[in-house]
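Structure first, then comments.
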Number of protein chains: 2
Amino acid sequence: MSKKEKDPKIQEKITEFKNLCNALGLKLTHQRLEIFSELCRSVDHPSAEILYKRLLKRISTLSLDTVYRTLMTFKEYGLIDKIETTENQSRFEVKMSTHHHFICKNCNKIYDFDWKDFDESALPDNLSNIGGVIHKSVIVYGYCNACDEKKNEKVNKLRF
Amino acid sequence: MSKKEKDPKIQEKITEFKNLCNALGLKLTHQRLEIFSELCRSVDHPSAEILYKRLLKRISTLSLDTVYRTLMTFKEYGLIDKIETTENQSRFEVKMSTHHHFICKNCNKIYDFDWKDFDESALPDNLSNIGGVIHKSVIVYGYCNACDEKKNEKVNKLRF
DNA sequence: AAGAAAATAAGTATTATTCTTATTTAGTAA
DNA sequence: TTACTAAATAAGAATAATACTTATTTTCTT
Ligand SMILES: [Mn+2]
Ligand SMILES: [Mn+2]
Ligand SMILES: [Zn+2]
Ligand SMILES: [Zn+2]
């Protein structure tokens, strides 16, 4: 039985998830519910392994394979997304309204951001030579503020 | 010794590569030259393994590890890029002028395209809360024309 | 031509993900 | 409820992707 969520947004997503499982004929297992809930709560686009470690606290008998398998299933049914990265561990997030990703070159954290102007902009003409576009997104790279602060701390330690 | 390149663009990149190796103190080995040249010629953003298979025809003693190690080195020195994908095999390309990627949801081919308007557009303000941006790029998903044609062929076979 | 430092090949190791199978569970209908 | 069936899970084995170790070879310099 999943704990009560404080955040009503997450509560809502979970209710929606339960309904979808029913509608899609997916059995609503304890594992699926916990995996989905944990991913809902995660703001950091976790890997299967990170999710697994977090979930072990709730389901001590959980297997890593179940996490992988369940994420695959969720992806097949369009409940979650696999994120584009250059890392070799895949990372995931629950399907959300259109948004984009800032990836820190130092800590590899992935932050969400909105960019309405981009969402509304027309794609370039030359794309029709390649194919028909279904979805577009932006990835930006840089150093996150958290990392900058840490770097400054270090510099200050050296200076004083 | 690398074969003469027909394409002067590629020839030029290879010459530049040789100079850069010198400048950076990277030994210009047969393997490095062939790996770089092959990646230059590749329009398909190949994986290490694909590159390795192509290169075996030229260097029969090449080891897959050398391909991985060399690609890592090239990336460290900024000569190539690792591409963002949702696949679990990394894919690569030689560093080129700013461009973006169309990824086919069916065949996973990655096509390059230009989008000057995007390149010149300002990022959204909310990004400063996250960090400082160094690089931005677009990924679009869809079905490439090649895949569409194949699908139509199949449909026609069924109809006639 | 000789020597030092760096790079390679081969084999091994590790990491990430998937498969196999026996057991358990969710959903359903009596 | 209970019993049944199909689907899902856990555990461990297997595979795939990438990285490490070390003896040998190569590049670059002198
Ligand atoms: Mn996101
Ligand atoms: Mn490209
Ligand atoms: Zn960071
Ligand atoms: Zn295609």
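Side chains included, hydrogens not; waters and symmetry mates left out as well; all remaining heavy atoms used. Chain letters run A, B, ... following the sequence lines, proteins first, then strands; residues in each count from 1.
The side chain of B/Gln89 sits closest to D/dT18 out of D/dT18, C/dT18, C/dT8.
One can place CG of B/Leu28 at 11 Å from C1' of D/dC28, the figure rounded to the nearest angstrom. At whole-Å resolution of the value, CD1 in B/Ile35 and P in C/dA7 are 13 Å apart. For A/Tyr68 and D/dT9, the OH to P distance is 16 Å, given to the nearest whole Å. D/dC28 atom P lies 10 Å from atom CG of B/Leu26, rounded to whole Å. Atom pair A/Asn22:CG and C/dG27:P shows a separation of 7 Å (rounding to whole Å applied). Atom P of nucleotide D/dA19 and atom CD of A/Glu87 are separated by 12 Å, given to the nearest angstrom. Whole-Å rounding puts the A/Tyr52 OH to C/dT15 P distance at 16 Å. When rounded to the nearest whole Å, the span between CG of A/Asp65 and C1' of D/dA7 equals 15 Å.
Look at B/Arg69 and you'll find a side-chain N or O under 4.0 angstrom from OP1 or OP2 of C/dT8. Note on B/Ser90: a side-chain N or O is less than 4.0 Å away from OP1 or OP2 of D/dT18. Neither OP1 nor OP2 of C/dT8 sits under 4.0 Å from any side-chain N or O of B/Thr61. Contact annotation: B/Ser63 side-chain N/O to C/dA10 OP1/OP2 distance is not under 4.0 Å. Contact check, A/Gln31 against D/dA10: a side-chain N or O comes under 4.0 Å of OP1 or OP2.
B/His100 and B/Asp114 share no donor-acceptor pair across their side chains, judged by distance under 3.5 Å alone.
Relative orientation of the A/His99 and A/His45 rings is tilted, given thresholds of 30° and 60° on the angle between their planes. Relative orientation of the A/Trp115 and A/Phe113 rings is tilted, given thresholds of 30° and 60° on the angle between their planes.
Residue B/Thr73 is the one, among A/Lys27 and B/Thr73, whose nearest nucleotide of DNA chain C lies closer to the 5' end (criterion: closest heavy atom).
Base contact: B/Leu64 has a heavy atom under 4.0 Å from a base atom.
A/Leu24 is connected to A/Leu71 through a chain of hydrophobic side-chain contacts under 4.5 Å among Ile, Leu, Val, Met, Phe, Trp and Tyr, so both are in one cluster.
Judged by distance alone, the side chain of B/Arg32 and the main-chain N or O of B/Phe74 form no donor-acceptor pair under 3.5 Å.
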